[in-house]
Amino acid sequence: MIARRCIVSGRVQGVFYRKSAQARARELGVRGHARNLVDGRVEVLAVGEPAAVEAFVAWLWEGSSASRVTGVEVEALDAAEHQPPGFS
């Protein structure tokens with residue numbers, strides 16, 4: 001298991017980015033969350049099997065059809081410290 005914290009910037013709030021991320025994460029079996037930040041970016045926590053998390057992180061650049069992603073900052077975390085039950 002691996003864990004990644006991603007900060008996604010661009011037009012990612014109010015365009016179903018978080019809902020699309022939740023759907024994609026569930027398809028891949030990735031657990032975590034996507035939440036809006038006050039500065040207009042979205043924070044994403046992704047925990048799961050390495051191939052699934054890497055595929056999900058790559059998808060973050062796509063987002064929903066209405067979003068326009070301009071950046072994805074990725075930070076590796078200790079998966080043992082991050083064990084969310086699902087994706088919210």
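A salt bridge (Lys or Arg N to Asp or Glu O under 4.0 Å) check over residues 60-73, counting only residues at least two apart or in different chains, returns the pairs R41-E73. Residue pairs meeting the salt bridge (Lys or Arg N to Asp or Glu O under 4.0 Å) criterion with at least one member in residues 6-26, sequence neighbours excluded: R24-E27. Among pairs with a residue in residues 66-88, those fulfilling ring-ring contact (aromatic ring centres under 6.0 Å, His included) read F56-F87, at least two apart in sequence or across chains. Applying the side chain to side chain donor-acceptor pair (under 3.5 Å) test to residues at least two apart or on different chains, the pairs with a partner in residues 42-58 are R5-E43, H33-E43, R35-E43.
Not one N or O on the side chain of S64 forms a donor-acceptor pair closer than 3.5 Å with the backbone of S20. Here the side chain of Y17 pairs a donor or acceptor atom with the backbone of L60 at under 3.5 angstrom.
Nearest heavy-atom pair across A79 and A3 is CA-CB, 3.7 Å. Heavy-atom minimum distance, G40 versus V12: O-CG2, 3.6 Å. Contact between V42 and A34 at its shortest, heavy atoms only, is CG1-CB, 4.3 Å. The heavy-atom pair separating C6 from V72 by the smallest distance is CB-CG1, 4.1 Å. Across all non-hydrogen atoms, the minimal contact from V74 to V57 is CG2-CG1, 3.8 Å.
Under the 4.5 Å side-chain heavy-atom criterion for grouping Ile, Leu, Val, Met, Phe, Trp and Tyr, W61 is connected to W59 within one hydrophobic cluster. The cluster map of Ile, Leu, Val, Met, Phe, Trp and Tyr, joined by side-chain heavy atoms under 4.5 Å apart, puts L28 and F16 in different clusters.
I7 has its side chain within reach of L37: a pair of non-hydrogen atoms, C-beta onward, lies under 4.5 Å apart. With a 4.5 Å cut-off on side-chain heavy atoms, V8 and V69 count as touching.
Checked against salt bridge (charged side-chain N to carboxylate O under 4.0 Å, His left out), D78 has no partners two or more places apart in sequence or in another chain. Remark: R31 engages no residue in a salt bridge (charged side-chain N to carboxylate O under 4.0 Å, His left out) (not counting sequence neighbours).
L77 belongs to a hydrophobic cluster whose remaining members, ordered by chain and number, are L45, V47; membership requires side-chain heavy atoms of ILVMFWY residues under 4.5 Å apart, directly or through intermediates.
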